[in-house]
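Single-structure report; data block below.
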There are 2 protein chains.
Amino acid sequence: MRTRPRELTVAAQDYLKAIHALEDEGVRVTTSALAERMSVSAPSATAMAKRLAGLGLVERTPYRGVALTETGRACALEVIRHHRLLERYLADRLGLTLDEVHAEAELLEHALSEELEARIDAELGYPTHDPHGDPIPDAELKLDAERGRTLSDLDEGERAAVSRVPDGDPGLLRYLAELGLVPEAEVEVLRRAPYGGPVTVRTVVGEHAISRELAGRIAVA
Amino acid sequence: MRTRPRELTVAAQDYLKAIHALEDEGVRVTTSALAERMSVSAPSATAMAKRLAGLGLVERTPYRGVALTETGRACALEVIRHHRLLERYLADRLGLTLDEVHAEAELLEHALSEELEARIDAELGYPTHDPHGDPIPDAELKLDAERGRTLSDLDEGERAAVSRVPDGDPGLLRYLAELGLVPEAEVEVLRRAPYGGPVTVRTVVGEHAISRELAGRIAVA
DNA sequence: AGCGCAGTTTAGTCATAGCTAATTCCGATC
DNA sequence: GATCGGAATTAGCTATGACTAAACTGCGCT
């Protein structure tokens with residue numbers, strides 16, 4: 001039996017998604033973290049946290065923050081499934097580029113019926129990853145964690161394939177695409193400057209130095 | 001330069017669509033007609049009518065009703081364009097049936113960006129009609145009126161092709177499909193009972209009597 | 001242990017969009 | 001031309017979700 005974020009407001013779904021993302025990043029979901037992520041004032045975040053707690057979707061400890069309940073997590077995953085399936089669809093079937101799909105999926109995700117979700121899923125052959133390399137929760141909302149290594153974990157001389165890139169920032173995605181850093185692409189780490197300095201990589205496009213911080217956000221396999 | 005219903009609330013867009021539909025049907029757009037169409041109380045309709053008038057989207061005469069302004073009509077057509085393009089897409093590319101597309105398009109129409117609209121339009125080869133046979137406003141929002149004849153206008157013995165069926169009621173659409181009354185299908189009128197009685201038609205599926213009222217809602221060419 | 005500040009929450013508003021109950025208007029009838 | 005009834009509007013509430021300003025907590029630091 002499937003939980004139904006469908007009966008939630010769009011705003012509530014967006015908050016759940018944000019809370020899930022923060023938990024996933026290992027960040028404590030405080031009011032300010034949530035407010036920041038949602039581009040909203042702290043009181044607004046507090047208010048929504050209370051509402052979600054009232055719906056049994058999060059556990060809330062005043063002054064401490066919130067944590068998703070099982071139900072809350074299911075709702076978040078449902079929305080994420082919609083988002084990532086749509087990204088996959090938009091990229092594969094309508095030719096949207098990596099930097100375009102996120103925003104479009106963001107718009108459409110709340111308007112996708114279960115029917116259509118299933119139809120799209122089948123049409124695409126039950127894909128497991130979105131175009132950025134993020135895993136798509138399956139129809140039972142199972143999500144494989146796959147917290148693998150990143151570009152910044154590789155030793156000099158190591159080669160790997162990019163498995164995941166950050167998904168939200170179109171400018172960043174265009175930049176990475178220019179450097180040849182897209183999912184599936186081959187990379188070799190040439191140098192890792194000490195003290196958290198830049199990482200120099202070779203891709204099909206050539207050699208490029210990128211910040212350690214950015215390298216840490218690019219997963220490899 | 002394109003008007004931007006995008007900046008309107010979803011509710012406002014839905015009201016504009018309803019007002020457009022009523023005008024199209026030749027109905028005076030009174031508060032009660034609008035309230036009825038929107039499944040909303042009369043005071044709610046009054047309130048929205050005022051809001052739309054304030055935005056310059058309708059001309060409102062208290063106690064008289066509303067009429068779309070040019071801007072209002074453009075916004076309504078923009079929404080209708082989204083709706084019908086999506087219907088066409090869902091039918092052609094995802095295999096949804098005639099009775100399913102309306103509800104899905106209803107959900108998605110407000111979440112469709114101009115970008116994606118253009119992409120879908122191109123993908124489909126700039127279609128002119130949705131799967132029910134309703135005309136799709138073009139990118140400049142021109143809509144061909146084509147107020148043609150209906151099944152109930154045909155004389156006994158006349159043959160024609162169904163050009164348009166009502167789009168909102170899934171049950172009705174399934175019924176019509178069973179009778180072979182779908183867009184493009186060949187029909188021949190066998191009998192027209194007097195005094196507004198039923199019309200008997202032959203389709204590929206056989207002979208069927210349908211009410212005059214229903215026949216009047218099926219356009220032919 | 002106490003003080004202070006950063007972070008949280010409360011208090012009080014606003015806008016949208018819905019509702020019911022009460023009132024007002026318009027036109028049709030007498 | 002007054003009246004009556006139905007349609008339309010006003011008045012007053014509710015919920016969501018945002019905001020600012022003010023008050024409160026708790027933790028770290030002395």
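Please read all numbers here as calculations on a predicted model, not as lab measurements. Each chain gets a letter, A, B and so on, in the order its sequence line appears, and its residues count up from 1.
Of the charged side-chain nitrogens involved, none lies within less than 4.0 Å of a carboxylate oxygen, so that B:Asp138 and B:Arg81 do not count as a salt-bridged pair. Look at A:Arg88 and A:Asp130 and you find no salt bridge, because none of the NZ, NE, NH1 or NH2 atoms lies under 4.0 Å from a carboxylate O. A salt bridge is defined here as a Lys NZ or Arg NE, NH1 or NH2 lying under 4.0 Å from an Asp or Glu carboxylate O, and A:Glu100 with B:Arg119 meets this definition.
The side chain of B:Ser32 contributes no N or O atom lying less than 4.0 Å from OP1 or OP2 of D:dG6. At the phosphate of C:dG18, OP1 or OP2 sits under 4.0 Å from a side-chain N or O atom of B:Tyr15. Look at B:Ser41 and you'll find a side-chain N or O under 4.0 angstrom from OP1 or OP2 of C:dC19. The shortest distance between the side-chain N/O atoms of B:Ser44 and the OP1/OP2 oxygens of C:dA17 is not below 4.0 Å. Look at B:Lys50 and you'll find a side-chain N or O under 4.0 angstrom from OP1 or OP2 of D:dT10. The phosphate of D:dA7 (OP1 or OP2) has no side-chain N or O of B:Thr30 nearer than 4.0 angstrom. Between C:dT10 and A:Thr46, no contact under 4.0 Å exists linking OP1 or OP2 to a side-chain N or O.
Where B:Tyr63 and A:Tyr63 meet DNA chain D, the nucleotide closest to each residue was compared, and B:Tyr63 sits on the side nearer the 5' end. Both B:Ala45 and A:Ala12 sit near DNA chain D, but only B:Ala45 has its closest nucleotide nearer the 5' end.
Atom P of nucleotide C:dT8 and atom CZ of A:Arg60 are separated by 11 Å, given to the nearest angstrom. The interatomic distance linking B:Leu34 (CG) with C:dA17 (P) rounds to 13 Å, in whole Å. Atom-to-atom, CZ of A:Arg28 to C1' of C:dG7 comes out at 10 Å; the value is rounded to the nearest Å. The separation between B:Asp14 atom CG and C:dG18 atom C1' is 14 Å, rounded to whole Å. In this structure, the CG atom of B:Leu57 is 13 Å from the P atom of C:dT16, given to the nearest Å. Look at CE on B:Met38: it is 16 Å from P on C:dT16, rounded to the nearest Å. Atom CG of A:Leu52 and atom P of D:dT16 are 11 Å apart (whole Å). In this structure, A:Arg51 places its CZ atom 13 Å from P of C:dT10, rounding to the nearest Å.
The listed nucleotides are D:dG17, D:dA8, C:dG18; the one nearest the side chain of B:Thr31 is D:dA8.
Taking the six-membered ring for Trp and the full ring otherwise, the centers of B:His102 and B:His83 sit less than 6.0 Å from each other.
As judged by a 4.0 angstrom heavy-atom cut-off over every strand, A:Ala11 is placed among residues touching the sugar-phosphate backbone only.
Contact annotation: the side chain of B:Leu108 approaches that of A:Leu116 to within less than 4.5 Å [non-hydrogen atoms, C-beta and beyond].
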